[in-house]
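One is the number of the first residue; the rest follow in order along the sequence.
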Amino acid sequence: MKREIGIRDIRGIRIGQTENTEAGTGCTVFLAENGEGMAAGLDVRGGGPASRESELLSPLAAAKTVHAVLLSGGSAFGLDAAGGVMQYLEERGIGFDVGVTKVPLVCQSSLFDLTVGDPGIRPDKAMGYAACLGAEQENYRDGSCGAGCGATVGKFAGMEFCMKTGIGSCAVSLGELQVGAVVAVNALGDVYDWKTGEKIAGMLTEDRKTFRDSCELMYASTEVIENKFTGNTTLGVVITNAAFNKAELGKIAGMAQDGLARSVRPVHTTADGDSIYALSVGRIRADQDLVGTLAAEAVSEAITRAVKNAAGAYGFPSYSDLHTEPQQ
């Protein structure tokens, strides 16, 4: 029988994060507890990704495992943060042995949050290192934290009508099998509760109290929009204790994108860089399609929790702000 567990209940991986709340940006890192690393796959559906070492996850690349995956803010500037993760791992003798040292294999994807806080402060080497120290304490939590610190959604009409979101998680077990997801929700489009169909975050009306429909606004004109005001990108990491190689994990990551499509509309646009990693941190035998299906559900629920656990900030209201009863 399927039951819910905590994301920290999946062994073989440690998750840490850090953020600069004033600047509105941060990092969330996933470290393999096994010094040999973890098999990983990647599926990218958005048209504007910012990533580092993603080619390592191609089935044609020699590396069978990676040692860490990092999600961050800062757009392409934030890719510097992987250097801090590499430093942390090298200091502990973790990486691909090249004789004179060990080279940690670190994949990273960044979302665009430069229009939220201070655009001059981005995740850097120090922040990447600090996220790894957070992983020692397993300090992951849902909300406006880590890579979700500066996350927003509903930006088709510009930042003045968007909402604050964050990062969320969900994990389930089915017998010995465990599947979980962590998602930083930073989308151009609107977000819907995948179970009820209710819109829970997105583009706001002029009074910023109710919603407009991003798709309907798109349908209002066929005019080509060259610059959709901001960059976006929803980033996710699926984790399972089932044993798969990186080609199989790439397929699981692709199935997990269905969870993103259930929850966000419009999705996978040219203004998004939507990317999902899938990580294998165990040896349980499991059906690939079963794991992919569970991963898609976990992604959808993680998105809902990212919205509902976020706090309003930087002048952008959150889900809780819209659902707070006025004081009498």
Side-chain angles (χ1 to χ4, degrees), residues 25 27-28 40-58 69-79 82 107-116 122-123 146-148 150-159 162-163 165-168 181-192 194 201-203 214-215 217-218 224-238 249-278 292 295-296 298-300 302-303 306-307:
T25 196
C27 293
T28 302
L42 172 65
D43 186 274
V44 180
R45 299 286 173 93
S51 59
R52 170 172 167 158
E53 294 279 43
S54 57
E55 279 301 306
L56 286 176
L57 306 185
S58 165
V69 169
L70 178 65
L71 308 182
S72 82
S75 190
F77 294 109
L79 296 174
C107 297
Q108 180 182 356
S109 290
S110 299
L111 56 82
F112 187 99
D113 54 12
L114 300 179
T115 53
V116 171
R122 303 91 179 232
T152 52
V153 298
K155 291 168 274 191
F156 190 79
M159 292 296 291
C162 75
M163 282 182 62
T165 50
I167 195 168
V182 175
V183 185
V185 183
N186 189 65
L188 177 73
D190 304 326
V191 181
Y192 297 79
W194 70 288
M203 184 172 59
S214 293
C215 288
L217 185 60
M218 291 180 69
V224 176
I225 303 174
E226 299 293 345
N227 182 355
K228 293 185 173 67
F229 306 101
T230 60
N232 304 284
T233 299
T234 293
L235 304 176
V237 174
V238 168
L249 288 164
K251 175 59 177 175
I252 289 169
M255 293 181 70
Q257 290 273 13
D258 293 343
L260 183 55
R262 287 190 191 116
S263 298
V264 180
R265 296 198 294 272
V267 71
H268 304 147
T269 73
T270 58
D272 291 289
D274 302 327
S275 304
I276 293 182
Y277 294 85
V299 165
S300 285
I303 290 171
V307 169

Thr233 vs Phe112, side chain to side chain contact (heavy atoms under 4.5 Å, CB included): CA-CA, chis, key distance, verdict: CA-CA 7 Å; Thr233 299; Phe112 187 99; 5.6 Å; no

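- Using a distance-only test at 3.5 Å, with no hydrogens or angles considered, no donor-acceptor pair links the side chain of Thr28 to the main chain of Gly146.
- Taken to the nearest 0.5 Å, the CD1 atom of Ile167 stands 11.5 Å off from the CD1 atom of Ile303.
- Here the closest heavy-atom approach between residue Gly250 and residue Asp43 is recorded as O-CB, 4.2 Å.
- No donor-acceptor pair closer than 3.5 Å links the side chain of Thr152 to the backbone N or O of Cys162.
- Taking each heavy atom of Leu70 and Ala82 in turn, the nearest pair found is CD2-N, 3.7 Å.
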Let me see the working for Ser75 and Ser110 under side-chain hydrogen bond (donor to acceptor under 3.5 Å, both in side chains), right down to the final yes or no. CA-CA 5 Å; Ser75 190; Ser110 299; over 6 Å; no

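- Taking all atoms of both residues into account, the shortest heavy-atom contact from Ser54 to Ser51 is OG-OG, 3.7 Å.
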Evaluate side chain to side chain contact (heavy atoms under 4.5 Å, CB included) for Lys155 paired with Asn186, printing each intermediate quantity in order. CA-CA 9 Å; Lys155 291 168 274 191; Asn186 189 65; 3.2 Å; yes

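- Atoms CG and CG, from Leu260 and Asp274 in turn, are 5.0 Å apart once rounded to the nearest 0.5 Å.
- The shortest side-chain heavy-atom distance between Leu42 and Ser275 falls under the 4.5 Å cut-off.
- No more than 12 heavy atoms of other residues, nucleotides or ligands shown are found within 6.0 angstrom of CZ on Phe77.
- Scanning both residues, Arg45 and Gly254, for their nearest heavy atoms gives NH2-O, 3.3 Å.
- Taken to the nearest 0.5 Å, the CD1 atom of Ile276 stands 12.0 Å off from the CD1 atom of Ile252.
- Across Met163 and Ala201, no two heavy atoms sit closer than the pair SD-CA, 3.7 Å.
- Nearest heavy atom pair, residue Ala261 against residue Val267, reads CA-CG1, 4.1 Å.
- Interatomic distance, Thr269 OG1 to Arg265 CZ, rounded to the nearest 0.5 Å: 14.5 Å.
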Applying side chain to side chain contact (heavy atoms under 4.5 Å, CB included), run through Leu114 and Arg122 and close with a yes or a no. CA-CA 8 Å; Leu114 300 179; Arg122 303 91 179 232; 4.0 Å; yes

Applying side chain to side chain contact (heavy atoms under 4.5 Å, CB included) to Asp190 and Met203, what does each step give before you reach the verdict? CA-CA 6 Å; Asp190 304 326; Met203 184 172 59; 3.9 Å; yes

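- Put simply, CG on Leu111 and CG on Asp272 are 11.0 Å apart, with the number rounded to the nearest 0.5 Å.
- Leu249 contributes atom CG, which lies 13.5 Å from atom OH of Tyr277 (distance to the nearest 0.5 angstrom).
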